[in-house]
Trainee: 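Handing you a structure now.
Naming: A, B, ... by sequence-line order, numbering from 1 per chain.
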Amino acid sequence: MHDKTWVPVANSTDLAPHHVFQGRLMGQELAIWRADDGHVNVWENRCLHRGVRLSIGINTGSELVCQYHGWRYANRNAGCTYIPAHPADAPARTICSKTWPVIETGGLIWTHFEDRDPPLPELPEGGAALRPLPLAAAPEMVRESLAGLAPEGFGPLDETLQARGPAGSLHLMVQPADAGRAVIRGIVQSDEPELALLRRLNLFLRSARDQILAQAALTPAPEPIPHRPERVSEELAEMPEMVSGPARLRVQVAKKELVAKDIVALELEPLRGALPASQPGAHIDVALPNGLLRQYSLVNAPGETGRYVIGVKREPESTGGSAAIHDSLAEGDLLAISEPRNNFTLRRDVEETILVAGGIGVTPLLSMAAALKDDGLPFRLHYFAGSEEQIAFGERLAALGDRLVNYIGLDPEKTALALKGILKSPAPHAQVYVCGPAPMLDVTRATAAEAGWPDAAVHFEYFANTREIDTSSSFRIELARSAVTLEVPAGRSILSVLQEAGVAPPSSCCQGACGTCMARVIEGEPDHQDVYLSEAEKAAGDKILTCVSRAKSDRLILDL
Amino acid sequence: MNTMTQPDPFMLNQWYPIASLQEILPGQPRATKLFGQRISYERNVAGALQVSDGSRALPVLEQYGCLWTSLGEPDELFDVPEYAEPDRRNVNAGSVGVQVSAQRGIENFLDMGHFPYVHTGILGALPHTEVKEYNVEMIRDGREIIATECLFYQPMASTVSTSGADVEYIYRVPHPTCSVLYKSSPMDEKRLDAIALFGQPTGEETFRGHMVLSILDDVNTDDFISYFQLHIFGQDKPILENQMPKRLPLDPRAETPIRADKTSIMYRRWLTGHGVTYGTIPAAA
Ligand code: FES
Ligand SMILES: [Fe+2]
């Protein structure tokens with residue numbers, strides 16, 4: 001009967017701003033909500049964590065927040081972006097609420113459970129949606145009973161529940177809410193004054209409902225369709241660490257725009273479907289046309305899920321990544337990117353957050369600032385830029401109001417002084433996030449340590465390791481779990497030796513800046529050459545970034 | 001559920017609370033439900049308690065301010081030694097019916113992560129949401145689960161301070177539908193208050209929660225203590241009643257656990273290990 005069609009499940013007017021509407025289709029409860037960008041989401045009405053209805057959650061306009069433990073799910077892709085019980089972890093796994101396709105037309109919200117999109121419903125132009133009429137009767141019977149009835153001013157409803165007449169044209173739809181529950185919806189197109197017509201049709205439907213209910217009372221009510229929730233993936237059930245797969249996403253450059261001197265912003269759109277969820281601080285790998293792989297932080301604010309936004313600065317002395325983007329990439333071009341990864345997660349369980357940005361390092365901090373602002377958490381973004389015209393993403397910055405403090409054209413000495421001021425009083429419930437060029441990060445970290453900030457409260461992301469890597473040593477590595485011993489000769493990295501042996505951890509930047517390729521050291525003394533680990537972590541000696549760091553001892557035993 | 005499901009042996013052979021003793025008046029028979037079955041109880045004029053399922057007399061136990069009975073052959077009831085300490089106040093705070101399985105109710109009782117969201121300003125406060133690492137283990141030969149070193153931020157952590165601090169909790173699960181939590185007493189920081197939730201599974205998807213406290217408090221009235229506890233539980237009730245499915249799913253892939261849910265994971269495994277089907281959705285074999 002209703003197979004292979006889109007089914008209306010709500011009226012557009014049901015989706016009031018910042019509300020969640022509870023719908024039902026074939027026994028499946030739906031959480032239907034509109035984000036501030038206008039996108040309508042049709043999701044399974046169940047939080048993946050402990051099964052609480054999402055329809056009692058909070059629609060922030062960009063995300064849906066579960067009432068029970070505050071898990072946040074993003075507009076569009078329905079990916080979980082934050083798990084408050086573990087504020088330091090990125091929701092490492094692809095926790096994604098079940099979504100269904102949606103269209104909005106004729107004042108109605110439509111969805112379907114088919115594998116492929118059925119053809120769009122043919123609807124009269126400029127029609128008005130009727131008030132929905134729920135009734136406890138089998139949808140099939142409702143449909144049969146309606147066919148043949150003739151509302152005043154229209155001919156009889158045909159089998160597809162369409163009627164024409166002097167009054168205009170009328171389309172009715174029966175939403176199969178459950179085996180014994182239906183909702184009559186409809187669209188009418190007419191020259192008559194709308195209010196009177198809608199009222200008349202409403203009366204017609206009510207009397208039809210009374211007839212149908214009288215008839216339904218003669219047969220036993222059908223058993224409700226059992227709720228059969230999908231199982232979560234095996235790895236979600238076991239709470240594992242994240243494995244960043246080589247998953248390659250194809251995106252199109254929807255917009256390329258100069259947002260400051262030597263800085264372009266790229267907006268990347270999915271070719272189909274929705275982009276995977278990202279969190280503040282996340283970055284993507286971008287495979288450039290010239291074969292290079294580069295990491296860029298996402299600028300995206302919460303709920304800004306239709307496109308990934310990155311900022312790329314032209315680096316004259318770079319290996320050509322930024323030049324390739326600035327000079328040869330055009331709008332409409334296709335790019336391959338990785339799923340977002342996050343080594344720079346934002347805690348939101350703190351009373352004060354200090355964001356420190358240097359130059360293009362502002363990109364992940366913009367994303368963090370937007371999230372903190374959304375949450376109503378106190379923060380300040382200190383932005384160091386070389387000159388006025390090097391200030392990027394002006395609009396996003398302006399939205400931060402007085403929480404933004406600019407420092408323009410300071411020399412290293414004055415920068416150091418300013419940082420001293422910013423970091424002068426460590427507070428027990430405060431956190432610092434810093435991203436920028438390596439020298440500035442080094443100074444910030446040193447200043448923070450001097451002022452008494454604990455290492456764990458200072459988070460940083462280098463966008464490159466500018467130190468010279470010394471690859472002259474040679475040593476042996478023993479892999480505890482796979483029970484193999486490998487030689488690392490001078491001139492080659494641990495990572496490349498591991499890759500050859502087929503036991504490598506995931507990797508990304510390959511210059512000791514992103515932390516993806518970290519391995520645990522069981523024995524031996526690492527020779528740290530990365531910029532990712534903190535001084536305390538380096539001193540502890542139980543972790544190593546396999547892409548650049550080496551061994552001071554003859555051998556290292558790794559937990560691989 | 002209109003058909004009455006039979007409880008599995010593990011659930012059947014337990015003691016269950018069916019009323020708070022203070023509510024039972026001599027010569028006034030009352031009725032309640034256990035596993036969907038109607039149960040009547042009465043204190044006769046001689047002062048003896050009698051419980052019946054209509055066809056036979058059921059075992060009777062007066063413990064922790066509650067009347068306990070069983071439809072099976074129960075072992076000894078678990079011990080809450082604090083209840084016998086002479087300087088404590090033992091309060092039966094009340095009994096509340098909830099439209100969800102008793103095991104969902106217990107799992108909620110074991111959960112700290114919801115404090116800032118559900119008990120805002122009382123047991124937790126935003127933005128302090130972190131559930132720090134804690135320990136869970138099985139004790140007494142697998143007859144009880146215990147979670148220790150559980151820390152959670154609480155605003156106004158004690159009566160003497162107005163600022164927030166981490167409060168320590170210990171959780172015990174000695175029974176499939178009963179749990180006892182201990183937290184540092186606001187009156188005496190070196191001792192622990194005990195707060196128990198005793199679940200009476202009235203059906204597969206409904207239970208009555210009997211709340212019993214054994215605390216160090218010589219300031220507040222019983223009414224105030226009850227009111228406070230009922231207020232907290234009243235905040236949990238609407239959340240519990242919006243959980244789907246209403247029975248506790250035991251399939252590890254039915255829901256998505258995080259590290260903070262270690263106790264609940266162990267509780268689900270423990271129920272699975274004992275073959276519990278009543279009030280749960282067992283994993284498909
Ligand atoms: S049930 Fe939704 S956050 Fe826990
Ligand atoms: Fe609670």
Trainee: Under the salt bridge (Lys or Arg N to Asp or Glu O under 4.0 Å) test against E29(A), which residue among K98(A), R181(A), R24(A) passes?
Mentor: R24(A)
Trainee: Name the region of D111(B), side chain, backbone, both or neither, that has any atom closer than 4.5 Å to a heavy atom of chain A.
Mentor: side chain
Trainee: Just so I understand: if I count every heavy-atom pair under 4.5 Å between each of H114(B), K132(B), E107(B) and chain A, which residue has the most?
Mentor: H114(B)
Trainee: Taking the six-membered ring for Trp, are Y134(B) and Y169(B) closer than 6.0 Å centroid to centroid?
Mentor: no
Trainee: Under 4.5 Å, counting heavy-atom pairs only, tell me which of R348(A), R46(A), R50(A) racks up the most with chain B.
Mentor: R50(A)
Trainee: Specify which of L240(B), V131(B), N242(B) makes the most heavy-atom pairs with chain A at under 4.5 Å.
Mentor: N242(B)
Trainee: Determine whether the side chains of T305(A) and N77(A) contain a donor N or O and an acceptor N or O closer than 3.5 Å.
Mentor: no
Trainee: Flag the one option from I56(A), D375(A), L377(A) with the top tally of heavy-atom pairs under 4.5 Å to chain B.
Mentor: I56(A)
Trainee: For the rings on H175(B) and Y16(B), is their centre-to-centre separation under 6.0 Å?
Mentor: yes
Trainee: Could you look at V350(A) and say if it's the side chain, the backbone, both or neither that has a heavy atom under 4.5 Å from chain B?
Mentor: backbone
Trainee: Testing the basics here: between C80(A) and Q279(A), what is the closest heavy-atom pair and its distance to 0.1 Å?
Mentor: O-NE2, 4.2 Å
Trainee: Looking only at heavy atoms and a cut-off of under 4.5 Å, which of P87(A), S55(A), A88(A) has the most pairs with chain B?
Mentor: P87(A)
Trainee: I'd like to check F152(B) versus P116(B) (side-chain heavy atoms, cut-off strictly below 4.5 Å). Are they in contact?
Mentor: yes
